[in-house]
Amino acid sequence: MRLHHIKAHAFHAPRLGEVQEFTDVLISLDETGTIVAVTEGADHPDALVLPAGQILIPGFVDLHVHAPQYPQLGSALDLPLEDWLQHYTFPLEARYADLDFARTVYDTLIADMLALGTTSALHFATIHVPATNLLAEICLSRGQRAVIGKVAMDDPDACPDFYRDASATDAIDGTRAVIDHIHAIAGKDGLVAPAITPRFIPSCTDECLHGLGKLAAETGVRVQSHISESDWQHGFVRARTGRSDAESFAHYGLLREYSVFAHGTHLSASDMELLRDHGAGVAHCAASNAYFAGAVFPLRRALDIGLNTGLGTDISGGPNPSIFEAARMTVAASRIRARGVDADIAADARGTAEPAIDMATAFHLATRGGAQALGLPVGAFEVGMKFDAMAIDTLRAEGTIRPFGATGLRLLEKVLHTASRPNIVVVWTDGVQRVGS
Ligand code: GUN
Ligand code: FE
């Protein structure tokens, strides 16, 4: 069902530090779902009018998802990263050679993500070309805006025989095959786009990383990977290459505009500048960082230097598929980091004197911030952007928001802190309804 005009009580955060409330706005779209007018107080006879008690916000952008890991969400997170990968994650991802298994999981995941208000996502798939193509087809048919990559991992010293690319050439050819397939089914600026996806430096040979860098330069396709995630991973790369992760990605030609690197808990100030200067961004995965890194990404520092940053669930390195939860964890982790400096435990808690991130900032990161990192024309209600949005019923008894008369930014804050899936009543991408009756 295509929307042409909607009247609503709406909020968005088009720029860092700027949340805007529209108490009664008319948003008009063209036939492609692009916003053509945003007018406070205007009316249109054909407008869909959201009922009192409902608010409209931009859809969320999840900058880091491992789609194949959905079956193990919320389990085995007591292990260190390297054990978790070898004993749980690689055996699970190997199962996506089976397209029936892939279809069941991917279809459930994309439906659930949309129902949670995640209208855009950056997905890692697996090493398998057919299953990665299938994920792209499911995103396209269900209507999730998605950037998707076949995982490249070819180093026999780091990856098990049952789950790795047979050679660097296989990893690069498979990546190219997925890029071609996605361009064929979605077009070059369609709802779904490809990403070059080296899993992380420890899993790839130099030959593979150089080849993927060349492919990125040739095709202009975005890159995604993990960067400076844990002490173990960070140390491993330094020992193997003599460089930091960020310097290594730059060396291989993989630091590029609109590319996104997950975690970054151990990025130095100069690493952050290197990412920023190449137009790359960071997926901040606060929950997963707590489990695997035992640390908090220096988000305030990243924002202060103008490094593109958005939020990621890291399904299944984090235990929750909702960007509402990622925003809550972002705020909580930031407050712990900021408070540490006042206490005796400062050093142990990795505390700093940085001011904490508030929910309004997390809202920007969950919407326009994530979109900007990927160069997607979404995340705010502005002319020229695509209409990706969700309607939230703040009064729904089955939901978890109890407004008690809150208004303005206090209402928005309450919604962001307390909403749950039953509160999300309609979800649109490209102006087409994807969730709701
Ligand atoms: N590093 C390499 N692979 C992974 C993964 O699947 N999840 C996380 N969190 N980190 C990784
Ligand atoms: Fe990850």
Side-chain angles (χ1 to χ4, degrees), residues 62-96 105 109 121-128 132 135 147-155 157-160 163-165 171 195 197-205 208-209 212 223-237 240 245 248-249 254 259-267 281-297 310-321 323 326 329 370 373:
D62 189 336
L63 280 189
H64 189 52
V65 182
H66 293 271
Q69 295 176 17
Y70 199 35
Q72 66 176 14
L73 188 81
S75 62
L77 289 177
D78 52 332
L79 296 176
L81 175 62
E82 61 273 37
D83 295 342
W84 175 81
L85 287 172
Q86 296 291 342
H87 299 301
Y88 287 87
T89 304
F90 293 162
L92 171 58
E93 291 191 13
R95 295 181 62 191
Y96 289 75
V105 175
L109 171 69
L122 177 57
H123 291 285
F124 278 60
T126 60
I127 64 168
H128 313 97
T132 306
L135 175 59
V147 182
I148 297 169
K150 173 210 129 51
V151 170
M153 44 189 285
D154 71 318
D155 190 338
D157 292 337
C159 309
Y163 189 58
R164 70 176 151 81
D165 293 298
T197 309
R199 180 170 210 115
F200 63 161
I201 291 173
S203 67
C204 297
T205 61
C208 176
L209 293 164
L212 293 176
V223 177
Q224 62 173 339
S225 191
H226 296 87
I227 196 165
S228 298
E229 175 176 4
S230 65
D231 295 294
W232 162 73
Q233 188 249 302
H234 189 61
F236 184 105
V237 173
R240 182 177 122 190
D245 274 30
S248 302
F249 283 120
L254 291 163
S259 293
V260 171
F261 295 85
H263 307 292
T265 38
H266 296 278
L267 287 174
V282 170
H284 174 43
C285 307
S288 159
N289 291 346
Y291 285 97
F292 288 137
V296 181
F297 171 66
L311 305 185
T313 56
D314 194 19
I315 291 168
S316 67
N320 198 293
I323 287 289
M329 193 70 197

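If you read the sequence from its start, that first residue is 1, and numbering goes on from there. When a ligand or atom number is given, it counts from 1 through the structure's own listing order.
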Check: So, does Glu229 use its side chain to make a donor-acceptor pair with the main chain of Ala262 at under 3.5 Å?
Finding: no
Margin query: Are any of the N/O atoms on Arg199, whether in the backbone or the side chain, positioned under 3.5 angstrom from an N/O atom of ligand 1?
Written below: yes
Notebook entry, point to check: Looking only at N/O atoms, are Glu229 and ligand 1 under 3.5 Å apart anywhere?
Noted result: yes
Item checked: Parallel, tilted or perpendicular: ring planes of Tyr163 versus Phe90, cut at 30 and 60 degrees -> tilted
Margin query: Would the distance check show the side chain of Thr265 and the main-chain N or O of His263 forming a donor-acceptor pair, the cut-off being under 3.5 Å?
Written below: no
Margin query: Using heavy atoms and a 4.0 Å limit, tell me yes or no: is Phe124 in contact with ligand 1?
Written below: no
Check: Taking only protein atoms, how many N, O or S atoms are found under 2.8 Å from the Fe ion (ligand 2)?
Finding: 4
Margin query: Once you restrict to heavy atoms under 4.0 Å, what part of Trp84 touches ligand 1? Side chain, backbone, both or neither.
Written below: side chain
Checklist line | Ring geometry between His284 and Phe297 (parallel below 30°, tilted from 30 to 60°, perpendicular above 60°) | finding: tilted
Check: Can any side-chain N or O of Asp314 pair as donor or acceptor with the backbone N or O of Ser316 at less than 3.5 Å?
Finding: no
Next item on the list: Mark yes when over 12 heavy atoms from residues, nucleotides or ligands other than Arg240 sit less than 6.0 Å from its CZ; otherwise mark no.
Entry: yes
Notebook entry, point to check: Considering only heavy atoms, does Gln233 approach ligand 1 within less than 4.0 Å through its side chain, its backbone, both, or neither?
Noted result: neither
Checklist line | Gln69-ligand 1 polar pair, N/O distance under 3.5 Å | finding: yes
Note to self: I'd like to know if the side chain of Gln86 reaches the main chain of Ala158, judged simply by a donor and an acceptor atom lying under 3.5 Å from each other, with no hydrogens or angles considered.
What the structure shows: yes
Checklist line | Salt-bridge contact Lys150-Asp165 (side-chain N to carboxylate O under 4.0 Å) | finding: yes
Next item on the list: Answer yes or no: is there a donor N or O on one side and an acceptor on the other, between the side chain of Ser225 and the main chain of Arg199, under 3.5 Å?
Entry: yes
